[in-house]
Amino acid sequence: MALPTRLAFSDVDETLIDCKSMFDFLDHYLGARYGTEGVRRGRRVREELTARAAAGSPREENNRTYYREWAGEPAESVAAAGRAWFADRAADPGFYISPVRDALTAHRAAGGAIVLVSGSFPAILDPIAADIGAAHLVCSRPEVRGGVLTGGLVGGPVIGEEKRRAVRALYDAHPHIDPADCYGYGDHASDLPMLTEVGHPVVVGDPGLAELLPGARLLPLDGAPAGG
């Protein structure tokens, strides 16, 4: 197998796909498994975490709080629900953010390797990674004991500085690749540690974030011309 010519790192939620997958999937899972009560629970979790974020609670802590809601759920049921969720959502032509998906497809066609880097988890991300041909998936990993999610994580949430560590680890694993030749795609300030590690950072939809990255290219989502 030929070695990749470059690495193309991409965040997922609101960068590659046009939704907040963790909330969307939680609603899908709880509604299907627990009916009306599950729908109410999903809404409560979303509202509580949104309020915490607005109050300045760190994203890493909010991420851990989210995963605690999964305690007691069978891992196989969650994985199967993730596949069903993806099949349903991916049927919508607006599910993927087309310019980012097209860019990643072009990198892969040119011999690059796609790396998805996300605070989301495998039940959601595995089908997406398979669909776009990602070579690597770096994400938050829920702890499983006896086939059941505990509500904890193995390691830390893949947010902020954890994304930088993930990028550097993959550079170590691919010493023939020059980081200056690599690309990164992100939409939020928590992606900055990842974007600062690549030679070609691309900011999706946020001009303010692009201004924080000298040399970054802005990929607008409203049809306006790209900057930088």
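- Separation of atoms CZ (F9) and OG1 (T15) is listed at 14.5 Å; rounding is to 0.5 Å.
- Residues P157 and R64 have side chains in contact (heavy-atom distance under 4.5 Å, counting atoms from C-beta outward).
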Show me the side-chain donor-acceptor pairs of residues 106-129 shorter than 3.5 Å, one per line, residues at least two apart or across chains.
unit_1	atom_1	unit_2	atom_2	d
H107	NE2	Y185	OH	2.8
R108	NE	G133	O	3.3
S118	OG	S120	N	2.9
S120	OG	S21	OG	3.3

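- Here CG of D187 is found 11.0 Å from CG of L219. Values are rounded to the nearest 0.5 Å.
- The line from CG of L49 to CE of M22 is 8.0 Å long, rounded to the nearest 0.5 Å.
- Here the side chains of E73 and R33 are in contact, with some heavy-atom distance below 4.5 Å.
- A chain of hydrophobic side-chain contacts below 4.5 Å, direct or via other Ile, Leu, Val, Met, Phe, Trp or Tyr residues, connects Y34 to F23.
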TODO: Evaluate the criterion side-chain hydrogen bond (donor to acceptor under 3.5 Å, both in side chains) for residue pair Y67 and E143; output intermediate values, then yes/no.
DONE: CA-CA 9 Å; Y67 286 111; E143 182 183 54; over 6 Å; no
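- When the side chains of ILVMFWY residues are joined at heavy-atom separations under 4.5 Å, either directly or via intervening members, V45 and I159 end up in two distinct hydrophobic clusters.
- The heavy-atom pair separating D191 from K163 by the smallest distance is OD1-NZ, 2.6 Å.
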For a quick test of your reading: what N or O donor-acceptor pairs under 3.5 Å do the side chains of residues 196-204 make, sequence neighbours left out?
unit_1	atom_1	unit_2	atom_2	d
T196	OG1	R164	NH1	3.1
T196	OG1	L192	O	3.1
T196	OG1	P193	O	3.2
E197	OE1	R168	NE	3.2
E197	OE2	R164	NH1	2.9
E197	OE2	R168	NE	3.4
E197	OE2	R168	NH2	3.0
H200	NE2	A180	O	3.3

- [ ] Run the numbers on D102 and Y96 for side-chain hydrogen bond (donor to acceptor under 3.5 Å, both in side chains), then give the verdict.
- [x] CA-CA 10 Å; D102 291 347; Y96 284 109; over 6 Å; no
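- The cationic atom of R89 (NZ for Lys, CZ for Arg) does not lie both less than 6.0 Å from the six-membered ring centre of F95 and within 45° of the ring axis.
- Classification of the H174-H176 ring pair by plane angle, with boundaries at 30° and 60°, yields tilted.
- Here CG of D13 is found 7.0 Å from NZ of K20. Values are rounded to the nearest 0.5 Å.
- In this structure, the side chains of R43 and R46 stay at 4.5 Å or more apart for every pair of heavy atoms.
- A distance of 10.0 Å separates CG of L7 from CG of D181, quoted to the nearest 0.5 Å.
- Side-chain contact check for I97 versus L16: every heavy-atom pair is 4.5 Å or farther apart.
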